[in-house]
Peer 1: 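Here you go, one structure.
So you know, we letter chains A, B, ... as the sequences are listed, proteins then strands, and number each from 1. Since we're looking at a predicted model, the values are computed, not measured.
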Number of protein chains: 2
Amino acid sequence: MTEQLAGGDLSRLRQLNALAVVHVLRGRPALTLTELSRDTGLSRPSTEDVVLQLQSQGWLEEVQPAPGVMGRPARRYRFRSDAGWVLGVDIGGHTIRVLAADLDGEVRHTVRTPVAITAGRAERLGAVDAAVAECLAAAGLTGADIWAATVGTSGLVDAAGRVVLSVAFPEWTGVHLAQHVGRLVGGTVLVENDSRLAALAETWRGVARYAQHVVYLLAGLRTGTGLIIDGRLHRGFAQAAGEIGALPELGWIRAQEHLRTWTGAPAGTDPDDLAGYVFASAREGDRKAVAVVRRYAKELALGASALVLALDPQLVVLGGGFSRSADVLLDPLRREIEKRCVRIPEIVTSTLGDEAVALGAVKLSLDHLQEHLFDVRTGVAAPVRPAR
Amino acid sequence: MTEQLAGGDLSRLRQLNALAVVHVLRGRPALTLTELSRDTGLSRPSTEDVVLQLQSQGWLEEVQPAPGVMGRPARRYRFRSDAGWVLGVDIGGHTIRVLAADLDGEVRHTVRTPVAITAGRAERLGAVDAAVAECLAAAGLTGADIWAATVGTSGLVDAAGRVVLSVAFPEWTGVHLAQHVGRLVGGTVLVENDSRLAALAETWRGVARYAQHVVYLLAGLRTGTGLIIDGRLHRGFAQAAGEIGALPELGWIRAQEHLRTWTGAPAGTDPDDLAGYVFASAREGDRKAVAVVRRYAKELALGASALVLALDPQLVVLGGGFSRSADVLLDPLRREIEKRCVRIPEIVTSTLGDEAVALGAVKLSLDHLQEHLFDVRTGVAAPVRPAR
DNA sequence: TTACTAATTATGGAGACCTTCAAAAGTAAC
DNA sequence: GTTACTTTTGAAGGTCTCCATAATTAGTAA
């Protein structure tokens with residue numbers, strides 16, 4: 001609990017101050033030494049010393065001084081956010097998505113590759129390979145430039161990066177994604193459940209930005225959850241947290257069934273596409289459709305209420321494919337949750353759309369680097385890809 | 001997420017090293033400078049410097065050198081764990097319990113005062129006052145010596161230390177415990193739900209010592225929970241976490257009803273005492289009693305399963321009054337949980353008995369001090385009671 | 001009494017920080 | 001074009017904290 005940081009000699013102090021400078025400068029435009037000095041609390045001369053050291057290491061870069069200011073023009077330094085790169089990969093049912101981002105988390109290149117929902121393991125992995133290669137090429141990078149990558153997939157994932165169980169794609173069970181993607185890129189490869197990554201993305205760039213405790217609901221053809229507790233992704237002891245839908249009494253397994261019973265769609269419609277027709281009819285006021293949506297919302301709310309009662313989050317975020325129909329789904333969902341819970345959290349709709357998972361994958365990669373590159377214990381090392 | 005610790009000047013380094021020395025020394029017998037130097041990683045001369053400073057501040061004390069060793073006898077220093085004190089108060093239905101512990105968490109004095117279950121607000125608070133006074137007197141302390149105190153109570157507690165809702169004792173609702181106990185002792189007064197404190201105690205001195213994620217079940221006349229996530233007590237956004245029993249579909253409200261239907265007890269038995277008879281009969285193999293216990297276990301398991309599925313803890317701890325009857329309760333509980341959950345955690349019985357809540361209260365007080373007295377950001381201040 | 005052992009004390013040196021002040025490099029006004 | 005003003009840069013001197021090393025001290029063991 002007390003992650004003690006060992007004391008040390010003077011170099012440790014320099015380490016900490018270098019860390020402070022990097023922290024102030026990351027994700028911001030170039031700053032002058034005076035500004036850095038003010039923001040870090042260090043004296044001007046010390047700031048200069050630290051900055052020069054970081055520059056010689058390759059973390060900082062001098063940029064053109066700002067013109068047209070009073071006084072002697074100040075040198076300005078920026079964080080070299082392009083010193084390293086991270087990848088976020090989303091392996092979805094219909095789409096493979098790869099994002100390349102710099103160390104500031106700025107997404108620089110995006111690749112979307114369609115893949116048949118019926119594609120087998122080999123075909124899908126092949127599409128991943130192609131998409132990663134395409135993204136690297138577009139960014140002018142090689143796999144060696146990637147310092148960390150995260151792969152998002154449906155199903156249960158173990159700590160080693162293997163898919164332990166995939167209900168949606170039976171053939172997917174057992175695939176060792178960390179190893180597979182590890183062939184393509186350098187650095188650590190993390191593998192994580194897609195709902196969790198989407199939740200993470202919401203706390204980073206989405207509607208949950210300032211919440212410490214969040215319950216994320218992935219509502220779509222599959223139903224899943226992601227839990228943010230104390231600002232951190234909660235995985236559980238064996239990465240099995242959030243599986244509330246498995247409780248027979250709550251029946252998330254049944255939830256979709258309600259939508260599939262809908263008969264108002266054109267004959268021959270793929271059962272997977274039915275949901276869209278139900279929501280559309282409900283939107284137009286069709287009584288039966290509204291009732292179907294209400295039943296679905298109730299089932300969803302049961303599991304959600306269990307999570308809300310258990311965790312008392314500040315926020316519940318509705319994401320996934322169905323969140324596009326939040327206009328007809330959110331109200332019944334909210335009512336059902338209000339019936340059951342002691343304290344009612346805010347309930348909002350995701351705005352990240354279908355890029356949430358890949359974005360969360362980028363964030364997880366960045367968090368991993370943060371821990372290993374800019375940690376108080378280790379300080380800042382030279383800007384090279386950390387050992388795997 | 002990145003709790004950045006600002007860099008700083010050389011005094012900051014000394015601060016960190018002083019912290020390291022204190023950390024090594026706390027909760028251990030007196031050490032020599034050489035041993036301290038080895039464990040902190042500092043050089044001998046520096047260690048001496050730091051130790052001398054801490055001694056002059058009052059945190060460290062020299063003790064008699066160990067006799068009968070080769071070479072020049074080394075000075076030995078111990079952490080002055082009696083420089084400050086904390087209190088743990090458990091306001092139960094039948095008993096008020098007050099524990100006085102030193103800064104190492106060593107419980108030095110215990111006071112137990114019986115109180116009528118029917119006692120009203122004033123009478124109960126009076127008993128608390130008396131018990132606290134008695135405990136202070138026994139320890140030779142005054143309220144001013146107490147650096148932090150925690151009060152455990154049933155019911156929902158707000159962040160200010162007020163009981164927002166007490167189902168078991170309606171008259172208890174609204175009582176401002178932090179204020180009330182604050183009259184008696186110095187330092188911060190924290191108020192927390194009793195189930196949560198019991199959970200905390202289990203991770204400190206109980207069966208959950210090395211678990212990061214724990215679901216604690218308080219099974220007794222009331223049913224409650226305490227959640228430990230990432231090694232920390234989880235309260236939720238509005239201190240309402242763990243209220244899974246409120247979900248109508250899981251029905252913890254009904255759970256006790258099963259036990260109350262029991263007719264095998266002597267006529268005129270207080271309904272609250274029925275449970276003991278049921279468990280006893282079940283222990284002797286009475287079929288009907290076994291069935292009643294099984295029904296109770298099933299209801300309990302429903303909520304427990306929801307928590308386990310949501311959080312995937314390493315451990316489920318069964319505590320509370322009924323945990324004394326774990327021999328007949330644990331097996332059916334485990335079976336019901338196994339039916340419902342994806343990954344089955346260890347399920348064990350608490351060993352702390354009815355001191356768990358007070359012990360957890362001590363621990364919470366200590367954690368509070370730890371944050372304010374020995375934090376990496378603040379360093380170690382002089383050993384005086386921190387401002388409220 | 002003498003040898004051995006391990007802690008203490010003293011010394012010198014290096015690294016990182018701070019404050020202060022003079023010099024430099026621009027803009028703005030005349 | 002010169003002068004005044006503003007702000008940054010660069011250099012000097014000082015303090016603090018740490019480290020390594022060597023000389024001294026206070027015990028035990030033979």
Side-chain angles (χ1 to χ4, degrees), chain A residues 5-22 24-25 29-57 60 62-78 376 379-380, chain B residues 5-22 24-25 29-57 60 62-78 376 379-380:
Chain A
L5 85 162
D9 58 5
L10 295 172
S11 66
R12 176 102 183 87
L13 194 55
R14 167 55 61 94
Q15 217 175 42
L16 292 174
N17 285 333
L19 214 50
V21 166
V22 167
V24 165
L25 212 45
L31 296 180
T32 70
L33 290 175
T34 309
E35 290 163 335
L36 270 172
S37 164
R38 167 172 45 78
D39 289 1
T40 56
L42 296 174
S43 71
R44 237 285 329 215
S46 298
T47 308
E48 180 166 6
D49 224 38
V50 173
V51 164
L52 258 40
Q53 179 186 306
L54 284 169
Q55 185 185 24
S56 79
Q57 283 182 346
L60 264 42
E62 194 175 343
V63 302
Q64 286 298 321
V69 290
M70 287 279 271
R72 177 171 175 171
R75 285 175 298 182
R76 293 189 308 156
Y77 295 89
R78 73 172 192 95
V376 272
V380 280
Chain B
L5 85 163
D9 60 4
L10 296 172
S11 66
R12 176 105 184 88
L13 193 55
R14 167 56 60 94
Q15 215 176 44
L16 292 174
N17 285 333
L19 213 50
V21 166
V22 167
V24 165
L25 213 45
L31 295 180
T32 70
L33 291 175
T34 310
E35 289 163 336
L36 270 171
S37 164
R38 168 172 44 79
D39 289 1
T40 56
L42 296 175
S43 72
R44 238 277 342 204
S46 299
T47 307
E48 181 167 3
D49 224 36
V50 173
V51 164
L52 257 39
Q53 179 186 306
L54 284 169
Q55 186 186 21
S56 78
Q57 283 183 347
L60 265 42
E62 194 175 344
V63 301
Q64 286 297 320
V69 291
M70 289 280 270
R72 177 170 176 170
R75 285 175 296 183
R76 293 189 308 157
Y77 295 89
R78 73 174 192 94
V376 266
V380 281

Peer 1: Which listed nucleotide (C:dC17, C:dT8, D:dC19) is nearest to the side chain of B:A74?
Peer 2: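 Closest nucleotide among those given: C:dT8.
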
Peer 1: Which nucleotide wins on minimum distance to the side chain of B:P45, given the candidates D:dC18, C:dC18, D:dA20?
Peer 2: D:dA20

Peer 1: Please report the interatomic distance CZ(A:R75) to CD(A:Q64), rounded to the nearest 0.5 Å.
Peer 2: 13.5 Å

Peer 1: For B:L31 and C:dA7, give me the distance from atom CG to atom C1', rounded to whole Å.
Peer 2: 15 Å

Peer 1: If you assign A:G41 and A:M70 each to the DNA chain C nucleotide with the nearest heavy atom, which residue ends up on the more 5' nucleotide?
Peer 2: A:G41

Peer 1: C:dA24 P sits how many Å from A:L33 CG, rounded?
Peer 2: 19 Å

Peer 1: Evaluate the criterion side-chain hydrogen bond (donor to acceptor under 3.5 Å, both in side chains) for residue pair B:S46 and B:S43; output intermediate values, then yes/no.
Peer 2: CA-CA 5 Å; B:S46 299; B:S43 72; 3.0 Å; yes

Peer 1: Take B:Q15 and B:L19 through the side chain to side chain contact (heavy atoms under 4.5 Å, CB included) test and state the conclusion after the steps.
Peer 2: CA-CA 6 Å; B:Q15 215 176 44; B:L19 213 50; over 6 Å; no

Peer 1: Does A:T34 have a side-chain nitrogen or oxygen under 4.0 Å from the phosphate oxygens OP1 or OP2 of D:dT8?
Peer 2: yes

Peer 1: Can you tell me which nucleotide in C:dC17, C:dC18, D:dT21 comes closest to the side chain of A:V50?
Peer 2: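 Ranking C:dC17, C:dC18, D:dT21 by closest atom to the A:V50 side chain puts C:dC17 first.
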
Peer 1: Rounded to whole angstrom units, what separation is found between the CG atom of B:L16 and the C1' atom of D:dC16?
Peer 2: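 Spelled out: CG on B:L16 to C1' on D:dC16 is 15 Å.
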
Peer 1: Tell me whether B:T47 contacts the main-chain N or O of B:L36 through its side chain, where contact means a donor paired with an acceptor under 3.5 Å.
Peer 2: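 Checked: no pair found.
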
Peer 1: Where do B:L10 and A:L10 land on the side chain to side chain contact (heavy atoms under 4.5 Å, CB included) test, with the steps shown first?
Peer 2: CA-CA 8 Å; B:L10 296 172; A:L10 295 172; 3.4 Å; yes

Peer 1: In degrees rounded to 10°, what angle is found between the helical axes fit to the five outermost pairs at each end of the helix from C:dT1-D:dA30 to C:dC30-D:dG1?
Peer 2: 0°

Peer 1: Measuring from the side chain of A:L13 (C-beta onward, heavy atoms only), which nucleotide among D:dA20, C:dC17, D:dT8 has the closest atom?
Peer 2: C:dC17

Peer 1: Heavy-atom distance under 4.5 Å between the side chains of B:D9 and A:L13, does that happen here?
Peer 2: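 Side-chain contact under 4.5 Å: no.
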
Peer 1: Please determine if a side-chain N or O atom of A:R44 lies less than 4.0 Å away from the OP1 or OP2 oxygen of D:dT9.
Peer 2: yes

Peer 1: Distance check: side-chain N/O of A:S46 vs OP1/OP2 of C:dC18, anything under 4.0 Å?
Peer 2: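 A:S46 to C:dC18 OP1/OP2: side-chain N or O found under 4.0 Å.
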
Peer 1: Please state how far atom CZ in B:R38 lies from atom P in D:dC19, giving the value in whole angstrom units.
Peer 2: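 Nearest whole value for this atom pair: 16 Å.
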
Peer 1: At less than 4.0 Å, is any side-chain N or O atom of B:N17 found next to OP1 or OP2 of D:dC18? Yes or no.
Peer 2: yes

Peer 1: Scan B:T32 against the nucleic acid and name what it touches under 4.0 Å (heavy atoms): base, sugar-phosphate only, or nothing.
Peer 2: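 No contact.
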
Peer 1: Any base atoms under 4.0 Å from A:R75, or only sugar-phosphate, or nothing? Heavy atoms, all strands.
Peer 2: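 Sugar-phosphate, backbone atoms only, no base.
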
Peer 1: Can you tell which of C:dT8, C:dC17, C:dA10 lies closest to the side chain of A:R14?
Peer 2: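 From the listed options, C:dC17 comes nearest.
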
Peer 1: Side-chain contact test, heavy atoms from C-beta onward, threshold under 4.5 Å: evaluate it for B:R78 versus B:E62 and give yes or no.
Peer 2: no

Peer 1: Which is true for B:E48 with a 4.0 Å heavy-atom rule: it touches a base, it touches only sugar-phosphate, or it touches nothing?
Peer 2: base

Peer 1: Is A:T32 close to A:Y77 at the side-chain level, that is, under 4.5 Å between some pair of heavy atoms?
Peer 2: no

Peer 1: Give each protein N/O atom lying under 3.5 Å from an N/O atom of nucleotides 24-26 of chain D, with the pair distance.
Peer 2:
| from | atom 1 | to | atom 2 | distance (Å) |
| --- | --- | --- | --- | --- |
| D:dT25 | O2 | B:R72 | NH1 | 3.2 |

Peer 1: What I'd like to find out is whether the side chain of A:R44 reaches to under 4.5 Å of the side chain of A:T34, using heavy atoms alone.
Peer 2: yes

Peer 1: Whole-Å distance between C:dG15 C1' and A:Q15 CD?
Peer 2: 14 Å

Peer 1: State, yes or no, whether a side-chain contact exists between B:L25 and B:L54 at a heavy-atom distance under 4.5 Å.
Peer 2: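 In short, these two side chains do not touch, never coming nearer than 4.5 Å.
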
Peer 1: Once you round it to whole Å, what is the distance between C1' of D:dT9 and OH of A:Y77?
Peer 2: 10 Å

Peer 1: Rounded off to whole Å, could you give me the CG-to-C1' distance for the A:L42 and C:dA16 pair?
Peer 2: 11 Å

Peer 1: Which of these nucleotides, D:dA11, D:dT17, D:dC19, is closest to any side-chain atom of B:L10?
Peer 2: D:dT17

Peer 1: I need the CG-P distance between B:L52 and D:dT17, as an integer number of Å.
Peer 2: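 Result: 13 Å.
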
Peer 1: Can you find a pair of side-chain heavy atoms, one from B:R14 and one from B:V50, that are under 4.5 Å apart?
Peer 2: yes

